[in-house]
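What follows is a single structure, written as structure tokens, with notes after it.
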Amino acid sequence: MAAIQSLLVALVVVNLAYLAVTRLKTLTRITALQGVLLAATPLAIAGPHGHGLILSLAVLAIKGIGFPWLVARTLSRLEVNPVVEPYFGFNMSLLAGVGGLLFSLWLESRLPFPPGLFPPLLFPAALTSIFSGLTLVVARRKALTQVIGYLAAENGIFLLGVPLAAQGSVWLELSVLLDVFVAVFVMGIALHHINKTFESIDVGRFCSLRD
Amino acid sequence: MNAWLHILAALVLAPLIPGIINRVKARMSGRVGKPLLQTYFDLAKLTRKGLVESHTASFMLGVGPAVSLAAVCGALCLLPSPASPAPASFGGDFMLAAYCLGLSRLALILAALDTGSSFEGMGASREAAFSALAEPVLFLALLALAVDAPSLSLSGMLGQGLSGALAPERLFVPLLLFILLLTENCRIPVDDPNTHLELTMIHEVMVLDHSGPDMAMISYGAALKLWFFAAAVTLSLLPVQAMPPLAAWAAFLAGVALVAVAVGLIESSMARLRLLRVPRLLGSAGALAALSLVLTVWR
Amino acid sequence: MELFGLSLAFYLLGALASLAFAGRETANHLGPAGAVAGSLVGLAGLALTPASAVAQASLPWGLPLGSLALGLDPASRLFLLPVYAVGAAAAVAGSLALAGSEAAQAGPDRRGTHWFFFNILLAGLALVMAARDGVVFLIAWEVMSLAPFFLGSLHDDEAEVREAAWTYLVCAHLGAALVIAFFALAMGQAGATGFAALAEAARAGRLTMPSLLFFLAFFGFAAKIGLVPFHVWLPAIYPAAPGHVAALMSGGMINVGLYGLWRALEILPPPAAWQGWTIAGLGVASALLGILAALGQGNLKRLLAYSSVENMGLICLGLGLGLVGLACGNPAMAALGLGGALFHMLCHAGFKSLLFLCAAEVLTAVGSARIAHLGGLAKRMPAVGTLFLLAGAGIAGLPPLPGFIGELTMALAMLAGLDLPGLLPRTASAASLAALAAVGGFALAAFAKAGGLAFLGAPRTPAAAKAEAPSHAALLAPLFLAAGLVTAAALAPALLRFVGQAVLAFPGMDPAPARAALEQAAMAARTVGFFGAGIILLAGGLLWLRARAGAAHGRRREPTWGCGYTAPTARMQYGAASFVEPAAKLLAGPMGLTRRLDMDPGLFPKRATLFVVSRDAARDRLFTPLFEAVARLCDAAKVVQHGKVHLYILYVLATVVLLLAWKLS
């Protein structure tokens, strides 16, 4: 119980850290950290045996090591300015993050979950993860931050699925599949094309594509 | 009697903290460093010197340091001693402590502006802006302590220790108080206290035209303020209220010394932030404080 | 009640006398004399009646509507206190400031009418606070709203002053329209005009649409209080009005909006929690935006005006939290919130009018209230400088001055709010404490700027270098206010109990726990008092030691260290814009600061000019476009006004026919 609470609080802090960070490199490290923390959650909930162990190892491999490595590789290849460029300020984003946490805590008290389904704070932690991921997508300029934002949001969805994993839910497989999709498609192909076409990965320039 | 013992300890031992910090910094860079008691020597020397005042200055130049020191002493009176509550305490007294520190700051800002120097005006303006940003962070951190405390005074809030692993967000409070220590006392990464000139941008800049006894009061006040925050960090971390008095005192003094060592280590290993980044640091600290508070309230 | 009537009579006598002797020096003596006499009699009346007493009187009334019901209860007395105290001080200060000043100028002597309206304003304020009938209240309100227009436009030969007075008039009447709508609706539904009857009807549930009534009252009175975005008249009229008028308006008049809101809340059905949060929310917004705007100002009086917006915001924050406590069954929070708000109101009245009187002395001595023209005044006018710096520290809420007690009491309400049920109310209470802290921090910065740059350092202009200290008589009024504030600090627990009488009389307040909570706050105030005395003694002792050290080891004067530059000038000091630059880098938007750099092109520009302008966003973005749209609409409507008389007659005829047809069908 204590371990899972510590993990969840750490996850919430990581979600805020996404919004406060100014360097792309730090952002990838935070993604890795979130992956490692996520990998630890099945162990903390179900104990170190059976499905939990396998799931945990898989998550560690994919989310804790694989994706961050891919992102870091892309980052070094793209040779872009290593600074996160915000549309609106870091302190405002943080304020929005805290607001998101408040909202999700409130939402949890309103939603009729079966008692005992989620450990305390798991749902808010997952929801804030989704919120801060989407905030990264909305409020940051670079395509790379958008990819990381999608990853963070997807991590939140995965976190929601962890307590259900014991029942062998399809949620989990779907979300892992979605991961692969995001990773392969967006990372490998899209970013390079964007960089080639626009000589930048600033998504603000996409507006020149409209009719 | 026991209650006043902490004040006495602070008044006597506070100048040791800058000594410890400097010694740690010196050792980290492979030097021997100043004696541990250097601040005492400095204070003794300064009090024996005459006064040099600026032509421009009015009464404020002299009033500022005195009021500033008195206000910091006032704030110290509200801090509990390791083995007993503070001499004066009432529900919400942390507000009085914070505003006493505000009074001390205002007095120094006005004294700095009194010299008419642009350099000191620069320091004063930065001090005013940054501490205005630090104020809500301090209140949020203290509120996170206050939510579960048996009483809403500093004596009730501090010295409880961290209440268990079930509420890990409580761990942030000492960390936040430590960040505030660095900010309010203008240490690295917010300001570089090393020199009185170009590298230093906030606090030390403000006191350039003070001399003799005035400077002594300012240095002593700065040491006391450092002690205030170091003691607050230690008391928020250690469950001294549950310990026998002697052990509590020993743990407390060791904790304060360790905080000083930590400040020294940070100063040896980090660079000063660009001034533009300071509000961002405070913003992050504020978000962490808000997070801690929200989760504490929610539980 | 008799003394109240006597004070009203003195005001009216003063008004009539100054009108009768208009154009002569005598008017400048009789008018203020009436105001001072009325105020002192009023103060005596307050001092001689027990704080909890309730008095009622009904007088014959010639109008078909309403009745001349007057009364005094704890709330009335509380709000009358600053009116009387500031009224007396402002009258003395004004009389000295205007003595012989008009004689030197060409043109008519307007001091007679000035003092007429001054007394009328005081009488109107007193009457508003004694009215126990909606109609009487509205009449007094209108009188009280109109008088400042004439007072503020004393120097109406300046275009800026005329514009400011018009801004005030428009704002006052937009607010008054809502207040009239509130009373008309309530009186129509209740079928009675007395306050007691209205409250009775509300309790019986006969006031339908209580939410609409709440919003009418809140926005109507908020225009008077000066909450964001209705604050636009404050920064306009305060700098334009003479110093003593600004002091009276900021200390005595602006509170009347709070008083009206207080009465309206007493009349309306018991408040819902959302109403409390609405008031508190607008209060927080006003406090934060007000103090940030104050920080950005370069004019001393405008800075003080925005600081009023901030303090009124804080008061409304306390008021709102008190209502939340009332609605949620948390009597400690209710009593502390309302009590803190009222206490802060008293402190703000004292400090702000003192600051305005000091600013008026600066204006007289230097001829400008712009910080860029001031500096080093504490050396030339030490009394004014000391008072300004102390009042600035006080209004920033620093101990041991009484401003701290009000903020502390409100903070205690917020701490009590941590016990509210539900996550969001608790978080909101905590957030309001954080907002209070932020406001406190920025208020400190703003008054460090105002006091430090205007009174300390080197004079920035020859006029500031030649400023002369005001006469001893001119210090009378500021010293009177300062003495009142020192008394308030020394007797803070007693003052808190006096304030508590009004809080306990608020409908729906559970007396026992409320009294206990207030008593706890009073005990805290007592501790703070001893504590403050300790700090003052310690500082005094240190200063004595310093003086001894100076005597023993020598004391000499040298130039300020100029960073190695040997020809420093006063213009190189930090100025109003540079002082706020660190904050403006972060918060330029809320502070309303815009900057423009004009520089010669090339690598070595010969000339460069930097403009830093602080504009009011609410005025520029909300009201100006709104009124321009209204003006366009009115221009369009001018088609019907063509100057042909026979067609005008046609309008009248058509109107009559239509009315008859509509009424008789």
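These values consider heavy atoms only, across backbone and side chains, with no hydrogens, waters or symmetry-generated copies. Chain A is the first sequence line, chain B the second, and so forth, proteins listed ahead of strands; every chain is numbered from 1.
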Please flag which part of [X] lies under 4.5 Å from any non-hydrogen atom of chain B: side chain, backbone, both or neither.
| X | result |
| --- | --- |
| C/L436 | both |
| C/E581 | neither |
| C/A446 | neither |
| C/F404 | side chain |
| C/L433 | both |
| C/I535 | both |
| C/S578 | backbone |
| C/F442 | both |
| C/L586 | side chain |

Check: Just by distance, with hydrogens left out, do B/S118 and C/Q573 show a side-chain donor and acceptor under 3.5 Å apart?
Finding: no
Note to self: Under a plain distance cut-off of 3.5 Å, with no hydrogens placed, do B/S58 and B/D114 share a side-chain donor-acceptor pair?
What the structure shows: yes
Count the heavy-atom pairs under 4.5 Å between each of [options] and chain C, then report the option with the highest count.
| options | answer |
| --- | --- |
| B/S131, B/G116, B/S125, B/G50 | B/S125 |
| B/G62, B/P279, B/S117 | B/G62 |
| B/A128, B/A129, B/P136, B/A290 | B/P136 |
| B/A144, B/A216, B/G102, B/A98 | B/G102 |

Flag the one option from [options] with the top tally of heavy-atom pairs under 4.5 Å to chain B.
| options | value |
| --- | --- |
| C/G550, C/A539, C/A552 | C/A539 |
| C/A411, C/A430, C/A393 | C/A430 |
| C/P400, C/G441, C/G541 | C/G441 |
| C/P399, C/G562, C/A549, C/G540 | C/P399 |
| C/V439, C/L408, C/L389 | C/L408 |
| C/T386, C/T427, C/L418 | C/T386 |

Contacting region of [X] [heavy-atom separation from chain C under 4.5 Å]:
| X | value |
| --- | --- |
| B/A124 | both |
| B/L110 | both |
| B/L106 | both |

Checklist line | Pi-cation contact, C/W544 with C/R546 (under 6.0 Å, within 45°) | finding: no
Write down the atom of [X], the atom of [Y], and the distance for their closest heavy-atom approach.
| X | Y | result |
| --- | --- | --- |
| C/A525 | C/A492 | CB-CB, 4.3 Å |
| C/M381 | C/A467 | SD-CB, 4.4 Å |
| B/L113 | C/G452 | CD1-CA, 3.6 Å |

Margin query: I'd like to know if B/E53 pairs up with C/R556 as an ion pair, taking the criterion as any Lys NZ or Arg NE/NH1/NH2 lying under 4.0 Å from an Asp or Glu carboxylate oxygen.
Written below: no
Note to self: Suppose a student defines contact as a heavy atom less than 4.5 Å from any heavy atom of chain C. Which residues in residues 68-78 of chain B would they list?
What the structure shows: B/L69, B/A70, B/A71, B/C73, B/G74, B/A75, B/C77, B/L78
Note to self: So if I take each residue of residues 85-94 of chain B and look for any heavy atom under 4.5 Å from a heavy atom in chain C, which residues do I end up with?
What the structure shows: B/A88, B/F90, B/G91, B/G92, B/F94
Notebook entry, point to check: Do B/Y99 and C/E407 pass the side chain to side chain donor-acceptor pair (under 3.5 Å) test, and can you show the C-alpha distance, the side-chain angles, and the key distance before you say yes or no?
Noted result: CA-CA 10 Å; B/Y99 274 54; C/E407 295 201 9; 2.8 Å; yes
Margin query: Just to verify, which of B/E204, B/M206, B/E127 counts as forming a side chain to side chain contact (heavy atoms under 4.5 Å, CB included) with B/C186?
Written below: B/E127
